[in-house]
Amino acid sequence: MTHPLLIADREETLRAEMKGARAPQMRRLVDECERYTQLVLPEEHPLASITYLGAGAANLALAHRLTGQEHYLTELRRWLVPAVSFPHWGRANMPDHDLDAGWLLHGLSLAYSWAGGALDETERAALRDKLLLQGRRMYEFAVESEGGWWSSSYWQNHNWICYAGLATAGYALQDEFPEARAWTERAKENFATVLEMLPEDGSNNEGVVYWRYGVPWLVTYLDVLKSEEGIDWFATSDYLRETFWFRLYQAAPDLERIVDHGDCHDRRSGHPVAMYYKLAAEYRIPQCQWLADKVADEFFWREAYESGVRPGVRAEAYQELLWFDPTAPVEGPQDLPTSRYFEDLGLVVGRTSWDDDAVLLSFKASPGGGHKAWTTSHRIKRETGWTTLNAGHHHPDSGTFVLIGHGAYLALDEGYSSRKRTEHHNAVLVDGHGFVNEDRYHVFEELAEEYEAHIVSATLQDGWTHAVSETAAMYDRALGVTRARRHVVLSPGGTLVVVDDLQATEPRTWTVLLQTQNPARPTGEGRWIAEAGTGSMLVTALDDAATTEVVPTPVHANPTSSTPSLAIEKVQHTLRRSSEPTAAARFVSVLEPRSWDDTEPAEVSATEVDGVVTVTVTRDGVRETMNLELEATSFSGQVEARDSVGSGSRE
């Protein structure tokens with residue numbers, strides 16, 4: 001390697017800024033490298049992931065490169081021993097051909113590039129030969145498995161990680177081994193396709209946690225490509241230009257936690273500080289740099305210790321140092337719109353403000369992987385027979401929502417489940433059945449293109465967030481469901497109204513589900529309260545459901561087979577409201593997020609005239625009126641002051 005990857009043209013600038021503009025990032029790198037000296041490294045390959053060995057080597061090599069301090073090189077030598085000596089990378093799943101190998105190829109290739117010249121010839125040759133062996137294994141697998149697993153899974157984090165690792169190794173070795181140029185060319189061809197296939201709205205069907213795990217590898221690859229070949233794909237990627245907004249609008253009101261649609265190990269694994277820096281640098285997004293600084297100053301260490309994702313945020317110290325741009329603009333989100341619609345994922349998000357105690361609604365409906373991935377993957381399947389969409393982290397959650405308010409999760413998503421079921425969500429069951437193909441890990445696998453949910457309309461204006469979903473196509477055809485239309489409205493005052501308009505070709509029992517942290521407690525006819533620490537949710541049913549019950553709903557997940565101790569076991573509680581068998585049903589639900597000590601319900605009422613459902617909510621001298629036209633799926637809302645308020649009766 002004739003020049004150091006990524007830093008060849010700015011090594012002296014980085015070194016000069018270590019005590020100035022980049023001092024906090026240098027402190028992070030130093031702290032991380034000091035932590036490594038206390039870690040016991042495995043002598044034999046463990047069942048658990050070894051991804052951390054790659055990032056650790058990169059951190060140590062960069063610290064040595066920039067400071068010249070010998071102890072970093074000494075520690076790097078210790079970290080290279082297991083990585084070089086293990087006959088295979090990865091043990092629990094696809095040795096040499098999956099995530100462990102991708103992480104190590106990237107990190108150890110950077111270490112070879114940055115510190116290889118400081119190693120003695122025997123050490124350098126051992127590292128070089130190991131990279132060559134593992135790169136060949138990864139490349140050969142990618143070629144042989146094309147059209148199958150991650151080699152052609154364009155919307156999946158395994159594809160991005162493995163190809164980014166392969167490309168980094170190729171750039172590090174191609175001067176000595178020309179065959180490695182085939183690795184970089186294949187990676188380039190893959191990522192050209194990936195960037196073309198990704199949705200222009202920046203959304204991610206895998207959810208925030210896998211967005212945080214996977215998307216940084218897109219940035220990692222584009223950074224290496226730009227550095228080594230002068231090709232700037234940041235400038236042409238609509239996806240990367242927009243993806244920060246997906247992450248910001250999927251932040252809980254406190255910005256520390258997340259909306260947990262999709263496979264989310266926990267509610268704190270969501271902030272890639274390094275990638276925020278890079279997106280801020282490339283796209284000059286003021287809120288991106290602002291959030292990076294806020295996370296680094298306030299949230300970082302809690303996420304580092306509570307995150308369920310490995311190797312976690314600490315391992316990215318080298319990228320934080322390299323990607324930070326001290327000239328990027330900084331501005332908070334307070335002047336941004338409080339709602340946003342991500343059309344490809346069918347994701348509608350609204351909040352009452354950007355304050356910590358705001359109420360947030362996140363509502364979604366789309367086919368597996370989002371509209372572009374669903375349509376494109378089926379086209380490719382018809383034309384080539386290839387399987388390109390592996391949306392195993394996408395849940396059967398179309399037409400469902402998450403509601404957060406007053407610092408509490410009030411209406412829940414389950415986060416992560418090994419066997420994904422519609423009944424885990426705030427959904428509708430038909431004769432007790434959820435969506436077709438459920439109760440398995442990958443609920444969209446081999447599913448015909450016709451099984452497609454979507455957002456019918458969305459209205460975001462004047463503090464109102466309104467959307468309508470249609471999910472009838474997601475049920476087994478034998479059930480004869482012709483309409484499963486859900487209308488949701490989040491009012492400026494923070495009340496959520498949900499109207500379910502349901503039809504089938506013959507009588508069915510319709511069940512509306514509401515998932516809560518703790519059992520919803522009845523407080524009167526058609527009323528419940530669900531308590532959740534700092535917040536609570538008052539529930540009013542303005543319909544004639546025949547039966548109601550509150551039942552526990554257990555959820556199990558094992559995010560990684562390599563580490564059984566990370567298995568997730570939890571129980572959420574479900575308020576189930578069911579109709580008598582009928583061909584058409586309508587449910588009207590009013591959900592009031594409140595502070596824990598504010599339990600006096602509003603005065604609420606609902607009427608229907610000529611297909612228009614009107615819901616009024618009156619509280620503290622303010623009346624909010626919502627008019628939902630069921631057929632036209634249109635909406636209007638009004639807020640008016642009242643001289644007097646009712647006593648909280650249900651009409």
Side-chain angles (χ1 to χ4, degrees), residues 203-208 249-250 252 258-264 267 341-342 345-350 360-370 391 393-405 409-417 419-430 432-439 443-444 451-456 458 465-475 481 483-490 496-502 510-517 520 530 537 539 553 555 572-577 587-589 591 593:
S203 62
N204 187 280
N205 76 86
E206 295 191 323
V208 169
Y249 281 87
Q250 288 292 272
I258 63 173
V259 175
D260 52 353
H261 295 305
D263 275 348
C264 293
R267 293 169 178 166
Y341 177 26
F342 299 87
L345 192 56
L347 177 66
V348 181
V349 189
L360 177 146
L361 167 72
S362 186
F363 176 67
K364 67 192 292 281
S366 67
H393 296 308
H394 193 158
H395 292 207
D397 58 1
S398 283
T400 74
F401 59 89
V402 170
L403 185 66
I404 304 173
Y409 286 76
L410 302 175
L412 311 180
D413 236 1
E414 92 278 40
Y416 206 122
S417 58
R419 301 189 69 84
K420 297 173 174 62
R421 299 182 61 85
T422 311
E423 68 177 18
H424 293 162
H425 303 274
N426 299 305
V428 177
L429 304 182
V430 184
H433 298 286
F435 293 165
V436 68
N437 216 41
E438 66 173 3
D439 196 28
V443 298
F444 298 100
Y451 291 93
E452 180 177 348
H454 61 280
I455 294 292
V456 178
T465 301
H466 162 259
V468 182
S469 66
E470 177 57 79
T471 60
M474 299 307 298
Y475 296 92
V481 179
R483 172 172 291 186
R485 195 163 284 182
R486 170 165 281 180
H487 304 244
V488 298
V489 179
L490 180 67
L496 176 64
V497 171
V498 182
V499 178
D500 289 297
D501 184 16
L502 310 166
W510 308 87
T511 303
V512 172
L513 309 176
L514 181 63
Q515 314 289 342
T516 58
Q517 194 82 33
M537 179 171 61
V539 181
T553 300
V555 179
Q572 57 197 37
H573 298 271
T574 309
L575 172 60
R576 301 169 61 103
R577 295 163 41 218
F587 294 84
V588 180
S589 310
L591 311 181

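Heavy-atom basis, side chains included; hydrogens, waters and symmetry copies ignored. One-based numbering along the sequence shown. Keep in mind it's a predicted model, so treat the numbers as computed, not measured.
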[Y] backbone acceptor or donor facing [X] side chain under 3.5 Å:
X: Gln572; Y: His424; value: yes
X: Glu470; Y: Ala472; value: yes
X: Glu438; Y: Thr422; value: yes
X: His394; Y: Gly369; value: yes
X: Asn426; Y: Gln515; value: yes
X: Glu414; Y: Asp260; value: no

Got [X] and [Y] here, is their nearest side-chain heavy-atom distance under 4.5 Å?
X: Gln250; Y: Ser203; answer: no
X: Leu347; Y: Ser362; answer: yes
X: Thr471; Y: Arg486; answer: no
X: Asn205; Y: Leu345; answer: yes
X: Met474; Y: Pro396; answer: no
X: Val443; Y: Tyr451; answer: no
X: Val402; Y: His261; answer: yes
X: Leu513; Y: Leu429; answer: yes

Could you report the tightest heavy-atom contact between [X] and [Y], atom names first, then the distance?
X: Ile455; Y: Gly346; result: CG1-O, 3.5 Å
X: Thr516; Y: Ala530; result: CG2-CB, 3.7 Å
X: Tyr475; Y: Ala484; result: CE1-CB, 4.0 Å
X: Ala453; Y: Pro367; result: O-CD, 3.3 Å
X: Tyr249; Y: Val349; result: O-CG1, 3.1 Å
X: Phe435; Y: Ser398; result: CZ-O, 3.5 Å

**Request:** Go through the steps for Val498 and Phe401 under the test side-chain contact (heavy atoms from CB on, under 4.5 Å), then give the verdict.
**Result:** CA-CA 10 Å; Val498 182; Phe401 59 89; 4.1 Å; yes

Rounded to the nearest 0.5 Å, how far apart are [atom1] of [X] and [atom2] of [Y]?
X: Leu514; Y: Ser589; atom1: CG; atom2: OG; answer: 7.5 Å
X: Leu361; Y: Leu410; atom1: CG; atom2: CG; answer: 11.5 Å
X: Ser469; Y: Arg485; atom1: OG; atom2: CZ; answer: 9.0 Å
X: Asp413; Y: Leu403; atom1: CG; atom2: CG; answer: 12.0 Å
X: Met537; Y: Tyr409; atom1: CE; atom2: OH; answer: 14.5 Å
X: Thr553; Y: Leu575; atom1: OG1; atom2: CG; answer: 10.5 Å

**Request:** May I ask you to check if Arg577 and Phe587 form a cation-pi contact, with NZ or CZ under 6.0 angstrom from the six-membered ring centre and within 45° of the axis?
**Result:**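 Arg577 over Phe587 ring: no.
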
**Item:** Aromatic plane relationship, His395 with His425 - under 30° parallel, 30 to 60° tilted, over 60° perpendicular
**Value:**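 Judged by the thresholds at 30° and 60°, the geometry between His425 and His395 is perpendicular.
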
**Asked** Does a side-chain N-to-carboxylate-O contact under 4.0 Å join Asp397 and Lys420?
**Response**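 Judged by the 4.0 Å cut-off on N to carboxylate O distance, Asp397 and Lys420 do not form a salt bridge.
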
